Novice: 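Starting off with a structure, shown below.
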Amino acid sequence: MSAVVSLRSNRRAQPAPARLALLGTGTVGSAFVARYARLAAQGVALPEIAWLCNSRTQVSGGDDLHAALEQARGAARKRGGFPPWAEGESPRPGDIIVDATASETVADWHPEWLTRGVHVVTANKLGTGGDLGRALAIGDARATGGRYGDSATVGAGLPLLRSLRALIDGGDRIHAIEGVLSGSLAWLFGRYDGSRPFSALVREARNAGYTEPDPRVDLSGEDVRRKLLILARAAGIALPAHEVEVASLVPAALAAVGEDAVDAALDALDAGLFARHAAARAAGERLCFVGRFEVGGRAQVGLRSLPADHPLCAGSGTDNRVAIHSDRYADHPLVIQGPGAGAEVTAAALLDDVLSIGSR
Ligand SMILES: NC(=O)C1=CN([C@@H]2O[C@H](COP(=O)(O)OP(=O)(O)OC[C@H]3O[C@@H](n4cnc5c(N)ncnc54)[C@H](OP(=O)(O)O)[C@@H]3O)[C@@H](O)[C@H]2O)C=CC1
Ligand SMILES: N[C@@H](CC=O)C(=O)O
């Protein structure tokens, strides 16, 4: 065989370099692009962003990512039909989809992509924190297919899922997990003193990028339910969503409105939360939004009035504070605390997962 032929066949044997598709160009997706560009400028080796997509359009990444992001963000609304990314070129095995949406449609694709050998990195909690069937399908598909980066889904990248998995890999059984799992609600109840309407603080939290696209997903406890489900399922418990008892903060008048009318209806929160805060203060306590599950017991999410020196009240800002009880941490739980919401920490968690997949 001549040297030329052998060189050509060697070239052919090289797998195509992995490409990255970003789905979602909102608060988290935009922070992802900004951090990607910063890391690339520092010389960090990253897969090329081949596409940026939202519900309206798909744009090629190219050399000027900021321009591509602006083009995607400025695209006109799309009426009906398939999402733009489903109509274009399919990702190849080894490519990485970054899901920075809050979309059920996109979450439904997670098991399919994994089965095809495409890696999925997600901030979207609906994949493993929603319907149990879908979570199990993702578990099956990741066992033989692509890898699943879910660090951003709980604690916005705090080492929670990682620590839980390390305990299980080390032979520990999980007994219970309890904690403050909502960054926006931690921030809201840390700040609320009754002097300003609660609804005004909700608007601030949304503008700061702490809430879900629809803040009712936080206020109803649904976001904490999803995180609790992700943790429970990571601990090997096939917990269905309906078995988590959730006490919502959303009054009927706010629950009833369409997404466009949420802002105007937020005032419906004010009287009820003023009364609950006043009662807690009169008892020398603080309000804390807590999620908890016990293996073989109940799973619950809701607002609690706790003594001010209770360990769950110890964080500040958007801090999550989560206690893991396991065989080795039976008497004193392992406690993990830190910022649990915000576009920058979430984007960093997504890129950590991208880098971790790229390095294996
Ligand atoms: N904010 C935080 O602190 C954290 C957020 N997360 C998660 O990050 C995700 C994104 O949140 P955030 O950035 O605030 O949300 P935004 O509403 O700002 O952005 C969502 C993006 O998803 C796009 N999108 C919606 N449906 C589809 C679809 N079918 N196909 C492609 N794109 C779609 C939207 O498109 P369009 O622009 O066309 O509407 C938009 O660009 C959520 O799942 C959230 O739970 C996770 C951890 C922390
Ligand atoms: N809306 C979420 C964001 C992170 O998951 C929260 O408030 O914790």
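Just follow the structure's listing: the first ligand is 1, and inside any ligand the first atom is 1. The model shown is predicted, which means the values in this text are computed figures rather than measured ones.
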Novice: What are the atoms of ligand 2, with element, lying closer than 4.0 Å to any heavy atom of Ser184?
Specialist: 6 (C), 7 (O), 8 (O)
Novice: Do any nitrogen or oxygen atoms of Asp218 lie less than 3.5 angstrom from nitrogen or oxygen atoms of ligand 2?
Specialist: yes
Novice: Can you report which non-hydrogen protein atom sits closest to atom 10 (C) of ligand 1, along with the distance?
Specialist: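 So the nearest neighbour among protein heavy atoms is Ala100 O, 3.3 Å.
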Novice: Could you walk me through whether Leu188 and Asp218 satisfy the side-chain contact (heavy atoms from CB on, under 4.5 Å) test, starting with their C-alpha distance in whole Å, then the side-chain angles of each, then the deciding distance to 0.1 Å, before giving a yes or no?
Specialist: CA-CA 11 Å; Leu188 283 164; Asp218 300 288; over 6 Å; no
Novice: Can a donor-acceptor pair be found between the side chains of Asp327 and His175 at a distance below 3.5 Å?
Specialist: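 Yes, His175 and Asp327 have a side-chain donor paired with an acceptor closer than 3.5 Å.
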Novice: Identify the protein heavy atom lying closest to atom 19 (O) of ligand 1, giving its residue, its atom name and the separation to 0.1 Å.
Specialist: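 For atom 19 (O) of ligand 1, the nearest protein heavy atom comes out as Gly26 CA, 3.4 Å.
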Novice: Report the member of Asp108, Thr318, Val106 with the shortest heavy-atom distance to atom 28 (C) of ligand 1.
Specialist: Val106
Novice: Considering only protein heavy atoms, which is closest to atom 26 (N) of ligand 1, and at what distance to one decimal place?
Specialist: Ser103 CB, 3.6 Å
Novice: Aromatic rings His277 and Tyr192: how do their planes relate, parallel, tilted or perpendicular, breaks at 30° and 60°?
Specialist: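 The arrangement is perpendicular - the two ring planes meet at more than 60°.
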Novice: Using side-chain contact (heavy atoms from CB on, under 4.5 Å), reason through Thr153 and Leu161 one step at a time and then give a plain yes or no.
Specialist: CA-CA 9 Å; Thr153 58; Leu161 280 165; 3.7 Å; yes
Novice: Should you measure from each heavy atom of Gly24, which atoms of ligand 1 turn up under 4.0 Å away?
Specialist: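 Checking each atom against Gly24, I get 21 (C), 22 (O), 23 (C), 41 (O).
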Novice: Return the closest protein heavy atom for atom 48 (C) of ligand 1 as residue, atom name and distance.
Specialist: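 Protein heavy atom with the smallest distance to atom 48 (C) of ligand 1: Thr346 OG1, 3.0 Å.
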Novice: Quick check on the hydrophobic clustering: are Val354 and Leu158 connected, directly or via other members, by side-chain heavy-atom contacts under 4.5 Å?
Specialist: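 No, it is not one cluster - the side chains of Val354 and Leu158 are not joined through contacts under 4.5 Å.
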Novice: Please work out whether any backbone atom (N, CA, C, O) or any side-chain heavy atom from C-beta onward of Glu212 is under 4.0 Å from ligand 1, and answer side chain, backbone, both or neither.
Specialist: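 Only the side chain of Glu212 comes within reach of ligand 1.
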Novice: Would you check if there is a donor-acceptor pair between the side chains of Asn124 and Thr122 at a distance under 3.5 Å?
Specialist: no
Novice: Please state which protein non-hydrogen atom is closest to atom 37 (O) of ligand 1 and give its distance, to 0.1 Å?
Specialist: Arg56 NH2, 2.8 Å
Novice: Which protein heavy atom lies closest to atom 3 (O) of ligand 1, and at what distance to 0.1 Å?
Specialist: Gly342 N, 2.6 Å
Novice: Which bit of Ala156 gets closer than 4.0 Å to ligand 2, counting heavy atoms only: side chain, backbone, both or neither?
Specialist: neither
Novice: Given 3.5 Å as the limit, does a donor-acceptor pair link the side chain of Arg147 with the main chain of Ile357, or not?
Specialist: yes
Novice: May I ask you to list the atoms of ligand 2 that are less than 4.0 angstrom from any heavy atom of Glu212?
Specialist: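 Listed by number with element, the hits are 1 (N), 2 (C), 3 (C).
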Novice: Given Ser55, Pro84, Gly340, Ala72, which one has a non-hydrogen atom that is nearest to atom 27 (C) of ligand 1?
Specialist: Ser55
Novice: Using a strict 4.0 Å threshold on nitrogen-to-oxygen distance, state whether Arg216 and Asp214 make a salt bridge.
Specialist: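 Salt bridge between Arg216 and Asp214, a charged N being under 4.0 Å from a carboxylate O: yes.
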Novice: Considering only NZ, NE, NH1 and NH2 on the basic side and carboxylate oxygens on the acidic side, decide whether Arg134 and Glu104 come within less than 4.0 Å.
Specialist: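 Salt bridge present between Arg134 and Glu104.
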Novice: Could you label the plane-to-plane angle of the Trp85 and Trp109 rings as parallel, tilted or perpendicular, counting under 30° as parallel and over 60° as perpendicular?
Specialist: perpendicular
Novice: For ligand 2, which atoms sit closer than 4.0 Å to a heavy atom of Lys227?
Specialist: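 Ligand 2 atoms under the 4.0 Å threshold to Lys227: 2 (C), 4 (C), 5 (O), 6 (C), 8 (O).
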Novice: Does a salt bridge link Arg298 with Glu294, judged by any charged N lying under 4.0 Å from a carboxylate O?
Specialist: no
Novice: Which atoms of ligand 2 are found less than 4.0 Å from any heavy atom of Gly340?
Specialist: 4 (C), 8 (O)
Novice: Note the single closest protein heavy atom to atom 31 (C) of ligand 1, along with its residue, its atom name and the distance in Å.
Specialist: Trp85 NE1, 3.2 Å
Novice: Can you find an N or O of Lys125 that's nearer than 3.5 Å to an N or O of ligand 1?
Specialist: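 Yes - when backbone and side-chain N and O of Lys125 are compared with those of ligand 1, one distance drops under 3.5 Å.
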Novice: Which option out of Thr25, Val28, Thr101, Asn124 puts a heavy atom nearest to atom 9 (C) of ligand 1?
Specialist: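 Considering heavy atoms of Thr25, Val28, Thr101, Asn124, the nearest to atom 9 (C) of ligand 1 sits in Thr101.
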Novice: So, Arg162 and Asp353, do they make that salt bridge, N to O below 4.0 Å?
Specialist: no
Novice: Under a 4.5 Å cut-off applied to non-hydrogen side-chain atoms, are Leu39 and Gln42 in contact?
Specialist: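 Touching, per the 4.5 Å side-chain cut-off.
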Novice: Starting from Trp51, can I reach Leu20 by hopping between I/L/V/M/F/W/Y residues whose side chains sit under 4.5 Å apart?
Specialist: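 No, it is not one cluster - the side chains of Leu20 and Trp51 are not joined through contacts under 4.5 Å.
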Novice: Identify which of Asp214, Thr27, Leu23 has a heavy atom lying nearest to atom 14 (O) of ligand 1.
Specialist: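 Comparing heavy atoms across Asp214, Thr27, Leu23, the nearest one to atom 14 (O) of ligand 1 lies in Thr27.
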Novice: Could you tell me whether a side-chain N or O of Arg203 sits under 3.5 Å from a main-chain N or O of Asp263, the two making a donor and an acceptor?
Specialist: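 Looks like yes, one N/O pair under 3.5 Å.
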Novice: Does the pair Glu178/Arg304 count as a salt bridge with the N-to-O cut at 4.0 Å?
Specialist: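 Here Glu178 pairs with Arg304 in a salt bridge, since their nearest N and O are under 4.0 Å apart.
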Novice: Heavy atom to atom 47 (C) of ligand 1, shortest distance: which of Ala343, Ala152, Ala123 holds it?
Specialist: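 When every heavy atom of Ala343, Ala152, Ala123 is considered, Ala152 comes closest to atom 47 (C) of ligand 1.
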Novice: Among protein heavy atoms, which sits nearest to atom 5 (O) of ligand 2, and what does the distance come to when rounded to 0.1 Å?
Specialist: Lys125 NZ, 2.8 Å
Novice: Please state which part of Thr211 comes within less than 4.0 Å of ligand 2, counting heavy atoms only: side chain, backbone, both or neither.
Specialist: backbone
Novice: Out of curiosity, does Ile96 fall in the hydrophobic cluster containing Tyr148 (side-chain heavy atoms, cut-off under 4.5 Å, transitive links)?
Specialist: no
Novice: For ligand 2 and Gly183, I'd like to know whether there is a polar contact (N/O to N/O, distance under 3.5 Å).
Specialist: yes
Novice: Any idea which atoms of ligand 1 are less than 4.0 Å away from a heavy-atom of Ala341?
Specialist: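 Here the atoms of ligand 1 in question are 3 (O).
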Novice: Quick one: which ligand 1 atoms are inside 4.0 Å of a heavy atom on Ala102?
Specialist: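 Taking each heavy atom of Ala102 in turn, ligand 1 has 42 (C), 43 (O) under 4.0 Å.
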Novice: Checking a contact table here: which protein heavy atom is nearest atom 15 (O) of ligand 1, and how many Å away?
Specialist: Pro213 CG, 3.3 Å
Novice: Give the numbers and elements of all ligand 2 atoms closer than 4.0 Å to a heavy atom of Asp223.
Specialist: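 Answer, ordered by atom number: 2 (C), 6 (C), 8 (O).
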Novice: Taking the non-hydrogen atoms of Gly209, is any one of them nearer than 4.0 angstrom to ligand 1?
Specialist: yes
